[in-house]
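A short worksheet on the structure shown next.
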Amino acid sequence: MLDVKFIRENLELVKEGIRKKGENVSIDNFIELDSKRRKMVTEVDQLKYKRNLVSEEIGKMMKEKKEAKGLIEEMKKVSEEIKTCDSEIQSIEKEIYNILINIPNIPHPSVPEGDESKNIEIRRWGKLQEFDFTPKDHLQLGKELDIIDFPRASKIAGGGFPLYKGLGARLERALINFMLDLHINKHGYTEIFPPFLANRDSMFGTGQLPKLEEDMYICEEDDLFLIPTAEIPLTNIHKGEILDISELPKCYTAYSACFRREAGSYGKETRGFLRVHQFNKVELVKIVLPENSYAELEKLLADAEEVLQLLEIPYRVVILASGDLSFASAKCYDIDIWAVGEKKFLEVSSCSNFEDFQARRIGIKFRRAKDTKPEFVHTLNGSGVATARLMVSLLENYQTDEGTVIVPEVLRKYMDGINIIK
RNA sequence: GGAAAGGUGGCCGAGUUGGUUUAAGGCGAUCGCCUGCUAAGCGAUUGUAGGGAGAAUAUCUUUACCGGGGGUUCGAAUCCCCCCCUUUCCGCCA
């Protein structure tokens, strides 16, 4: 959510931002609604002032057993008027609010303009594997090694739900632990184990609602949503708080299962692990000072990249063009890893700076000093990283000509020293 | 699922027969005074959001906010209705 004052004073800039994001909200009547609201608030405030004064007067008169009937009659009318004005203000505010919540965050000036074809690869790490045999894809490997069983998973929950078995399950668990330990021990994040369900308010705060409701699994009876990412619980931890400047930056990491209905995306990259309804992810969230947020974004990105460097999986970093940015994000880097069997790059992380867009919705502020006004913090998040696709790349890139898979060095201590899956 | 108690400003905590409570009091914090220093003491300040006046992020003024929403009333923290949350006990279950 953007600041009303900011929109009022930078209407063209906001329109420009909406256009760059490829959204189609109209803010043409915003200024008119806003000034109408302010005018009415001023009027009704004066009426309320009068009512407060006279009501006090009535109280005093009644105590002295004086007749106050005339004043009460007069105030009845004033109260009626207030009621009418208030309900009109309320409906104007609702209109304003509906515009406000549909205005996306404005892309940072460093973000290239255009649709996803304008995304720019800014660096590449590692050498893309080449084998002197024909590499298998992850589905074939998973089946032959008996570590992934999609057909049976579908009996339990339907298509798009993975079932890991034996060393597959263990490898998945090793990946999660490896990533968490790295972020906790080396990068200084605090580990959180959050709820995997979130209420409507939290979903709205991070920006998944109202736009993406149909992509969510929802428990209707309780109005709770299965989280599509741990970004939601982590960013909402400090909802409604004013933090002390000495507490910043706050860096949280969490493992969570992530649930996505992926409505409307059937047929697109649906093979195996490429797009599933449930996957595991280690998430990174930072709550920072506004002036540091872009430096923190680079650090966050580096923290996520290190996971892949230690696993020795080749990847590229892409800066997203304005039209490919998510609703709430001002700037975003994607990390794509190479999967030799699929012969393509797979997105495993998005590292975004939301500036104060989420903070304003959620109400997370900080105070620079005792007597200064609270300001909104900046929030960032990134996957560090998602395992389902990581597993794809790992199986495919670490396969041998014998059909076995070598366990990456850094994971072996999490697997009792097992160094090969066969 | 059943029963009970509760939700008040950064924290603690009074106020529930509706009207000097414009939210008492305390703690903490900040500033000043005093003190050789520290402590104590004394004095002052002490929320958030919106609106208006103003060149002003100075200042003045006003409205709203006592878990959320609605209602009654000239007037609601206080009365009524709905919802949410917390705690305890019981039942059920991992």
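Applying the 4.0 Å criterion to OP1 and OP2 of G51(B), one finds that Arg8(A) has a side-chain N or O inside that range. Put simply, Lys373(A) has no side-chain N or O that comes within less than 4.0 Å of OP1 or OP2 on G47(B). Remark: Lys76(A) is in phosphate contact with C74(B), judged by side-chain N or O atoms under 4.0 Å from OP1 or OP2. Contact annotation: Gln90(A) side-chain N/O to G70(B) OP1/OP2 distance is under 4.0 Å. For Asn52(A) and C74(B), the shortest distance from a side-chain N or O to OP1 or OP2 is not below 4.0 Å. For the OP1/OP2 pair of A49(B) and a distance below 4.0 Å, the side-chain nitrogens and oxygens of Lys365(A) include at least one atom meeting the criterion. Note on Arg38(A): every side-chain N or O is 4.0 Å or more away from OP1 and OP2 of G50(B). Remark: Lys83(A) is in phosphate contact with U72(B), judged by side-chain N or O atoms under 4.0 Å from OP1 or OP2.
The aromatic rings of His108(A) and Tyr294(A) sit tilted relative to each other, their planes meeting at an angle between 30° and 60°. Aromatic ring orientation, His183(A) versus His187(A): tilted (interplanar angle from 30° to 60°).
Rounded to whole Å, the separation between the C1' atoms of A29(B) and U86(B) comes to 28 Å. When the P atom is compared between G6(B) and A94(B), the two are found 34 Å apart, to the nearest whole Å. With both ends at atom P, the span from A3(B) to U46(B) equals 46 Å, rounded to whole Å. Taking atom C1' on both A76(B) and G15(B), the two are 13 Å apart, rounded to the nearest angstrom. A24(B) and U16(B): their P atoms are spaced 15 Å apart (whole Å). Going from the P atom of C34(B) to that of A39(B) covers 16 Å, rounded to whole Å. The gap from the P atom of A77(B) to that of C66(B) amounts to 7 Å, rounded to the nearest Å. Taking the C1' atoms as reference points, U63(B) lies 22 Å from A58(B), given to the whole Å.
For the pair Arg361(A) and Phe204(A), the cation sits on the ring face: its NZ or CZ lies under 6.0 Å from the ring centre, inside 45° of the axis.
Of the residues near RNA chain B, Ser55(A) and Lys48(A), the one whose nearest nucleotide (by heavy atom distance) lies more toward the 5' end is Ser55(A). Both Arg37(A) and Met62(A) sit near RNA chain B, but only Met62(A) has its closest nucleotide nearer the 5' end.
Within the shown strands, nothing qualifies as a pairing partner of C34(B) under the Watson-Crick or G-U definition with both distances less than 3.5 Å. Pairing for A55(B) is absent, judged as Watson-Crick or G-U wobble with the two contacts each under 3.5 Å. Partner assigned to G75(B) is none, using Watson-Crick or G-U wobble distances below 3.5 angstrom. U16(B) is unpaired under the criterion used here, namely a Watson-Crick or G-U wobble arrangement in which both key atom distances are under 3.5 Å. A94(B) makes up no base pair with any nucleotide shown, lacking Watson-Crick or G-U wobble contacts both under 3.5 Å. Base pairing of A29(B): its partner is U45(B), meeting the Watson-Crick or G-U wobble criterion (both donor-acceptor distances under 3.5 Å). Under the Watson-Crick or G-U wobble criterion, with both distances below 3.5 Å, A5(B) is paired with U86(B). Base pairing annotation: A40(B) forms no Watson-Crick or G-U wobble pair, as no partner gives both donor-acceptor distances under 3.5 Å.
With rounding to whole Å, Tyr97(A) atom OH is found 18 Å from A49(B) atom P. Between the C1' atom of G51(B) and the CD atom of Gln46(A) lies a distance of 10 Å, rounded to the nearest Å. The NZ atom of Lys239(A) sits 12 Å away from the C1' atom of C85(B) (whole-angstrom rounding). In this structure, CG of Asp222(A) is placed 10 Å from P of C84(B), rounded to the nearest angstrom. Rounded to an integer number of Å, the gap from Arg200(A) CZ to C83(B) P is 18 Å. We find that CG of Leu33(A) is positioned 17 Å from C1' of G50(B), with the value rounded to whole Å.
Across all their heavy atoms, His138(A) and Glu396(A) have their closest contact at N-OE2, 2.7 Å.
Counting any heavy atom pair closer than 4.0 Å across all strands shown, Arg367(A) reaches sugar-phosphate atoms only and no base atom. The residue Glu247(A) sits apart from the nucleic acid: no heavy atom pair falls under 4.0 Å. Residue contacts for Ile58(A): at a heavy-atom cut-off of 4.0 Å it reaches a base atom on one of the strands shown.
With rounding to the nearest 0.5 Å, the separation of CD1 in Ile218(A) from CG in Leu224(A) is 8.5 Å. In this structure, the separation between CD1 on Ile232(A) and CD1 on Ile237(A) is 12.5 Å, given to the nearest 0.5 Å.
Contact annotation: side chain of Asp45(A) to base of G50(B), donor-acceptor pair present below 3.5 Å.
Distance from the side chain of Thr42(A) is smallest to G52(B) among G50(B), G52(B), U48(B). Here U48(B) is the nucleotide among U63(B), G70(B), U48(B) with the atom lying nearest to any side-chain atom of Ile242(A). Considering only the side chain of Tyr49(A), U63(B) comes nearest among A49(B), U63(B), G51(B). Distance from the side chain of Arg51(A) is smallest for G75(B) among the nucleotides A49(B), G75(B), G19(B).
Note: Phe357(A) and Phe327(A) meet the aromatic proximity criterion, with ring centroids under 6.0 Å apart.
Using a 4.5 Å cut-off on side-chain heavy atoms (C-beta onward), Asp28(A) and Lys15(A) make contact.
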